[in-house]
Amino acid sequence: MTIRVLLADDQALLRGTFRLLLDAQPDMEVVAEASNGREAALLARSERADVVVMDIRMPEVDGIEATRLIGRDEDMAGVKVLVLTTFEEDELVVDALRAGASGFLGKGIEPAQLLDAVRLVAAGEALLSPTATKGLIARVLAHPSPGDLVDPARLAALTPREREVTALVATGLSNDEIAERLFVTPVTAKTHANRAMTKLGARDRAQLVVIAYETGLVHAGEAQR
């Protein structure tokens, strides 16, 4: 299956560079380019993009609002947003994740990292690396503003195993690592994560991570053990 990619960035040179890289892959196709968030939201729908590579700082409508517009549109429920940013914009990254982004990358990434990231989010995984940046996001999510608080009672819908898997997802573990930790198969671990996402209304694993922190299921500073 070919991954349909939309590039959203106000720098034409950067878009052109990414297009050359992505179009050279047998499993990817750049279907459109947008120079601002408004165009990105419209093109994501009209071009049926699978993944939007989204810059945060753009004119007219920024990447965060564009991500929010995509996330609110039921017709684009399958569209994944991969945010491009710099490590100096960590709080904006948190806003993007809350808006529905599936993950983020720094603009200084290597070409292979971008390709891996697009494939990862297209498959429904969360991209919250590198670990240090993920830890910073955890700290910010652990101290949300009043308007961002999530009622912990939402977790009551989860079974004990689903709560356990959700907590492990939030600490950055993959399905394989969760399976090894809990002595189950990777398919079983993925099933529990998917059921938790359905019950909590999470679009993907990145949103599951946000909910885990904002409900207090996982707290900042908790490391993989």
Side-chain angles (χ1 to χ4, degrees), residues 1-130 133-134 137 203-207 209-210:
M1 182 183 109
T2 300
I3 302 171
R4 297 172 61 81
V5 182
L6 167 65
L7 300 175
D9 196 295
D10 60 346
Q11 298 182 45
L13 179 59
L14 189 59
R15 294 198 312 269
T17 300
F18 284 166
R19 176 183 277 275
L20 288 173
L21 174 65
L22 296 173
D23 277 344
Q25 308 308 308
D27 60 339
M28 298 182 193
E29 176 189 5
V30 176
V31 296
E33 297 181 24
S35 60
N36 61 65
R38 190 184 310 282
E39 289 180 355
L42 292 173
L43 288 170
R45 172 195 273 268
S46 65
E47 300 300 327
R48 311 311 300 173
D50 298 309
V51 177
V52 180
V53 179
M54 183 88 75
D55 186 25
I56 287 184
R57 297 189 181 279
M58 292 186 289
E60 297 186 36
V61 173
D62 64 23
I64 294 173
E65 182 58 25
T67 299
R68 191 173 291 114
L69 291 172
I70 291 171
R72 288 174 178 169
D73 191 330
E74 293 183 359
D75 289 340
M76 291 192 284
V79 178
K80 308 298 182 183
V81 175
L82 177 61
V83 170
L84 285 177
T85 184
T86 63
F87 295 152
E88 288 74 27
E89 299 175 316
D90 293 301
E91 290 194 21
L92 293 179
V93 170
V94 173
D95 289 340
L97 291 175
R98 286 185 174 129
S102 294
F104 66 94
L105 286 172
K107 284 193 173 181
I109 56 169
E110 297 294 328
Q113 290 177 297
L114 175 62
L115 298 176
D116 288 344
V118 170
R119 294 185 179 106
L120 191 67
V121 298
E125 299 293 330
L127 185 71
L128 301 178
S129 295
T133 306
K134 183 182 66 182
I137 285 178
R203 284 169 58 96
D204 55 23
R205 290 170 77 99
Q207 287 293 289
V209 171
V210 171

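All values below come from the heavy atoms of this structure, side chains included, with hydrogens, waters and symmetry mates left out. In what follows, residues are counted from 1 in the order of the sequence shown.
In terms of heavy-atom proximity, V121 sits nearest to K80 at O-CG, 3.2 Å. Between G100 and T67, the closest heavy-atom pair is C-CG2, 3.8 Å. Of all non-hydrogen atoms in A44 and I70, the two that sit nearest each other are CB-CD1, 4.0 Å. Of all the heavy atoms in A117 and L105, the pair that sits closest is CB-CD1, 3.4 Å. When all heavy atoms of L43 and A32 are compared, the closest pair comes out as CD1-CB, 4.1 Å. Residues V83 and A96 come closest through the heavy atom pair CG2-CB, 3.8 Å.
Side-chain N or O atoms of Q25 include none that pairs as donor or acceptor with a backbone N or O of L22 at under 3.5 Å.
Distance check: M76 CE to R203 CZ gives 8.5 Å after rounding to the nearest 0.5 Å. Annotation: the span from D204 atom CG to L97 atom CG amounts to 9.0 Å, rounded to 0.5 Å. Note that the OG atom of S35 and the CG atom of L7 stand 12.0 Å from one another [nearest 0.5 Å]. With rounding to the nearest 0.5 angstrom, the CZ atom of F18 is 5.0 Å from the CG atom of L84. Rounded to the nearest 0.5 angstrom, E33 CD and R19 CZ are separated by 4.5 Å. Here the CD1-CG distance, from I64 to L69, works out to 12.0 Å after rounding to the nearest 0.5 Å.
Residues satisfying the side chain to side chain contact (heavy atoms under 4.5 Å, CB included) criterion with Q11, sequence neighbours excluded, are D9, L14, K107. For the side-chain hydrogen bond (donor to acceptor under 3.5 Å, both in side chains) test, no residue two or more places apart in sequence or in another chain qualifies with D116.
A 4.5 Å side-chain heavy-atom check between V118 and V5 finds at least one atom pair inside the cut-off. Residues L114 and P111 are not in side-chain contact: their nearest non-hydrogen atoms beyond the backbone lie 4.5 Å or more apart. You'll find the side chain of M1 stays beyond 4.5 Å of the side chain of D27, heavy atoms only. Residues V51 and I3 meet the side-chain proximity criterion, which asks for heavy atoms closer than 4.5 Å. In this structure, the side chains of D23 and M28 stay at 4.5 Å or more apart for every pair of heavy atoms.
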Step by step, would you call E39 with E60 a side chain to side chain contact (heavy atoms under 4.5 Å, CB included)? CA-CA 10 Å; E39 289 180 355; E60 297 186 36; over 6 Å; no
For R45 and D75, what are the C-alpha separation, side-chain angles and deciding distance, and is it a side chain to side chain contact (heavy atoms under 4.5 Å, CB included)? CA-CA 8 Å; R45 172 195 273 268; D75 289 340; 3.1 Å; yes
As a quick check of understanding, evaluate side chain to side chain contact (heavy atoms under 4.5 Å, CB included) for V52 and L82, giving each step before the final call. CA-CA 6 Å; V52 180; L82 177 61; over 6 Å; no
List the steps, then state whether side chain to side chain contact (heavy atoms under 4.5 Å, CB included) holds for T2 with D50. CA-CA 9 Å; T2 300; D50 298 309; over 6 Å; no
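Remark: R57 does not engage D62 in a salt bridge, criterion side-chain N to carboxylate O under 4.0 Å.
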